[in-house]
Amino acid sequence: MLGVEKEAKQGQFVQSYREEIGSSLFMKLLRKENEGIFNEVSDLITEYAFLTGAHSIHVIDGNEEKTITDELHREGKLIKLNESNFPNCYLYRSPPFDVARSEKDTYICTERGPEEVGPTNNWMNSRDAMKIAISNLKGSMAGKVLYAVPYWLGPLSSGFGDGGFELTDSRYVVLNLMKITRVGEKVAKSIAMKNSYVLGLHSTARLNPEKRFIMHFPDENRKMGLVVSFNTDYGGNALLSKKCHALRIASFKARREGWLAEHMMLIEVKDPSGKSTFISGAFPSSSGKTNLSMLKPPEHYAKEGWATSLISDDITWMNNVEGTLRGINPEYGFFGVAPHTSMKTNPGAMEAIMKNTLFTNVGIDRDRNPFWEGMGPVPDGVIDWQGRVYDGKEKIAHPNSRFTTPIHEYADLSKDYENPMGAPVSAFLFGGRRSDLIPLIMEAKSWNEGVLFGAMQRVETTAAAIGKVGELRNDPMAMRPFMPYNMGEYFQHYIEIGKILKNPPKIYNVNWFRKDGMGNFIWPGYSENMRVVEWIVKRIDGTITSAVDTPMGYVPNIDDLRLPANVERDKIKSILEIDAKGFLNEFDTIEPFFKSFGSMFPEELWRTYHNVRDRLEREL
Ligand code: SAT
Ligand code: MN
């Protein structure tokens with residue numbers, strides 16, 4: 001694959017590489033279950049080790065977390081946090097120039113041409129890309145151990161799951177993967193049964209931001225996909241199972257195979273009768289997806305018998321099973337944004353991250369408890385994310401600082417979290433940060449009008465990616481950074497999915513972020529979002545049949561929303577209204593974006609666009 005197979009077979013370390021690979025429990029199991037995959041993977045690891053000049057190879061069996069953590073701690077690369085308050089928790093500080101996903105360095109590499117990936121992606125010819133990769137990777141691991149991490153995305157043995165191998169020199173990456181995916185021996189059978197896997201090649205190289213690349217090769221590795229990433233060691237750039245595999249490579253497969261790989265949370269909501277409704281929601285990174293997935297009903301709701309539990313906080317894969325979409329969480333842990341996570345905004349997360357958590361780029365107080373903005377009063381002598389005594393001027397925690405926490409630390413996991421068939425999804429929410437125009441909630445009148453809601457998402461950018469924060473940009477279905485092929489074809493794929501479903505989810509647009517003239521949020525958000533969720537559940541089960549019919553969609557009769565005590569009814573009324581003129585402007589603004597996909601933009605979606613637009617015009 002890397003063009004060095006022949007030399008790799010004769011290289012000086014090859015014999016010992018082979019022995020190291022063969023000694024792994026995972027590899028022994030894989031060999032027993034599927035000799036073909038065993039041979040192929042052994043060759044690939046050897047080839048990569050040869051190319052990078054790695055000193056030795058370690059295939060992760062699944063029991064290495066403590067050894068690697070202790071090693072990094074001894075070397076001063078991990079700081080142990082207060083053991084009484086935060087048992088088995090550590091802090092890692094990344095270089096200040098490597099703190100977020102880097103979209104400008106992210107490429108889709110194919111043989112055909114840029115049209116294939118459309119105007120929202122960077123494209124590179126796959127042969128040119130491979131040359132750049134090889135010249136950067138060559139010798140980049142001299143004197144280092146190459147770790148091969150076998151991982152499985154989804155419940156073990158689920159027919160909807162997918163396997164992968166990430167080969168990396170970063171022990172920080174290994175520790176993260178061990179928390180956010182299922183790894184090691186226990187995944188051998190699943191990978192063997194699937195008889196395929198995605199390959200991720202990562203190298204920290206020199207961490208040179210000028211030569212940072214995150215390259216996706218959807219046509220490589222028996223068309224299962226290859227990802228190559230180097231000169232970075234942070235988040236979505238380096239944890240290749242996450243955005244690179246579970247969203248980008250998976251999206252190619254999902255289109256081919258007729259399913260959806262979405263940047264969505266998935267939550268189970270139980271009503272007082274005990275009936276469950278599963279609701280998924282797409283929101284851009286750092287826009288409250290994790291908070292919503294961990295939504296706790298306010299006290300009086302809990303008393304009535306409402307309960308919530310989590311399936312997914314970030315990514316949901318959905319397959320059509322007899323006309324119903326069923327969702328699984330491909331991941332096994334959280335890589336969540338720390339700042340503004342607090343007992344008020346997300347008590348469930350606060351409890352989960354108090355054990356077995358790896359923090360990155362947060363601050364610490366004198367007692368080595370983690371600290372970030374939004375937690376409360378700043379303790380004296382707090383140390384910022386770069387290890388300096390806090391000077392009151394800059395941030396204590398980096399705005400994209402993170403917690404990496406195993407999923408089972410979260411108390412309210414849905415019993416369907418491990419269901420190999422997934423859970424039946426009844427609603428999609430689309431949303432993002434929008435201080436104006438977009439109402440608190442509106443319900444699409446049809447699947448295709450819901451697809452239009454998703455396609456029209458324009459939201460404010462956040463610190464999850466390098467670049468300016470707070471700028472409005474088009475982010476359809478919160479997938480702009482993760483949609484690896486032409487976005488127009490993605491819209492078509494969505495429309496086709498709607499056609500094959502007998503029970504398509506209802507689609508909603510939500511916006512918790514409307515501001516008043518003083519710049520204050522109008523809706524209290526967080527656990528109060530339960531009130532909106534209740535309306536959605538009742539729309540789905542038919543308890544609430546009447547709603548306000550607007551040109552954009554249905555919005556709640558204000559009396560059907562149980563309002564929190566501390567809000568002004570008139571203000572809430574104002575965020576349930578549809579501003580036809582404002583929406584017409586929005587349609588004008590979005591049109592060039594849609595046109596940028598040329599003939600790839602679905603005819604059917606243009607028709608939907610014009611229908612809704614006509615309804616708005618008639619309203620004026
Ligand atoms: O890609 S990351 O996981 O680093 C950040 C995000 O987009 O959620
Ligand atoms: Mn995300």
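For ligands, and for the atoms within them, numbers begin at 1 and follow the listed sequence. What you see below is based on every heavy atom in this structure, not just the backbone, and it leaves out hydrogens, waters and symmetry mates. The structure presented is a predicted model; accordingly, all values stated were derived computationally and were not measured.
- Distances below 4.0 Å separate heavy atoms of Phe482 from the following atoms of ligand 1: 7 (O).
- Residue contact check: Lys243 has heavy atoms under 4.0 Å from atoms 1 (O), 2 (S), 3 (O), 6 (C), 7 (O), 8 (O) of ligand 1.
- Look at Lys243 and the Mn ion (ligand 2): an N/O/S atom of the residue is under 2.8 Å from the metal.
- Set against the non-hydrogen atoms of Gly236, the atoms of ligand 1 under 4.0 Å away are 1 (O), 2 (S), 3 (O), 4 (O).
- Atoms of ligand 1 found under 4.0 Å from any heavy atom of Gly235, numbered from 1 in the order shown, are 4 (O).
- Cation-pi check for Arg255 over Tyr485 is met; the charged atom lies under 6.0 angstrom from the ring centroid and within 45 degrees of its normal.
- Arg402 NH2, 3.1 Å is the protein heavy atom nearest to atom 5 (C) of ligand 1.
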- Message: Walk me through whether Phe430 and Phe453 qualify under ring pair (Phe, Tyr, Trp, His ring centres under 6.0 Å).
- Response: CA-CA 7 Å; Phe430 292 122; Phe453 282 0; 8.0 Å; no
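- Within 6.0 Å of the NZ atom in Lys211, the count of heavy atoms belonging to other residues, nucleotides or ligands does not exceed 12.
- Rounding to the nearest 10°, we obtain 90° for the angle at the Mn ion (ligand 2) between His263 NE2 and Asp314 OD1.
- Of all the heavy atoms of Tyr234, none lies under 4.0 Å from any atom of ligand 1, so neither backbone nor side chain is involved.
- Annotation: Lys144, atom NZ; neighbour count of heavy atoms from other residues, nucleotides and ligands within 6.0 Å is above 12.
- Remark: the Ser229 side chain and the Asn237 side chain contain no N/O donor-acceptor pair separated by less than 3.5 Å.
- For Lys223, the NZ atom sits in a loose shell: 12 or fewer heavy atoms of surrounding residues, nucleotides or ligands are nearer than 6.0 Å.
- Looking at ligand 1, you'll find an N or O of Arg101 within less than 3.5 Å of one of its N or O atoms.
- Side-chain atoms of Thr204 and Tyr172 form no donor-acceptor pair, as typed in the model, at a separation below 3.5 Å.
- Remark: minimum distance from atom 7 (O) of ligand 1 to any protein heavy atom is reached at Ser285 OG, 2.4 Å.
- Of all the atoms in ligand 1, the ones that sit under 4.0 Å from a non-hydrogen atom of Lys242 are 3 (O).
- Taking the side chain as every heavy atom from C-beta outward, Tyr494 and Phe428 approach each other to under 4.5 Å.
- At a 3.5 angstrom cut-off on N or O pairs, Phe335 does not count as close to ligand 1.
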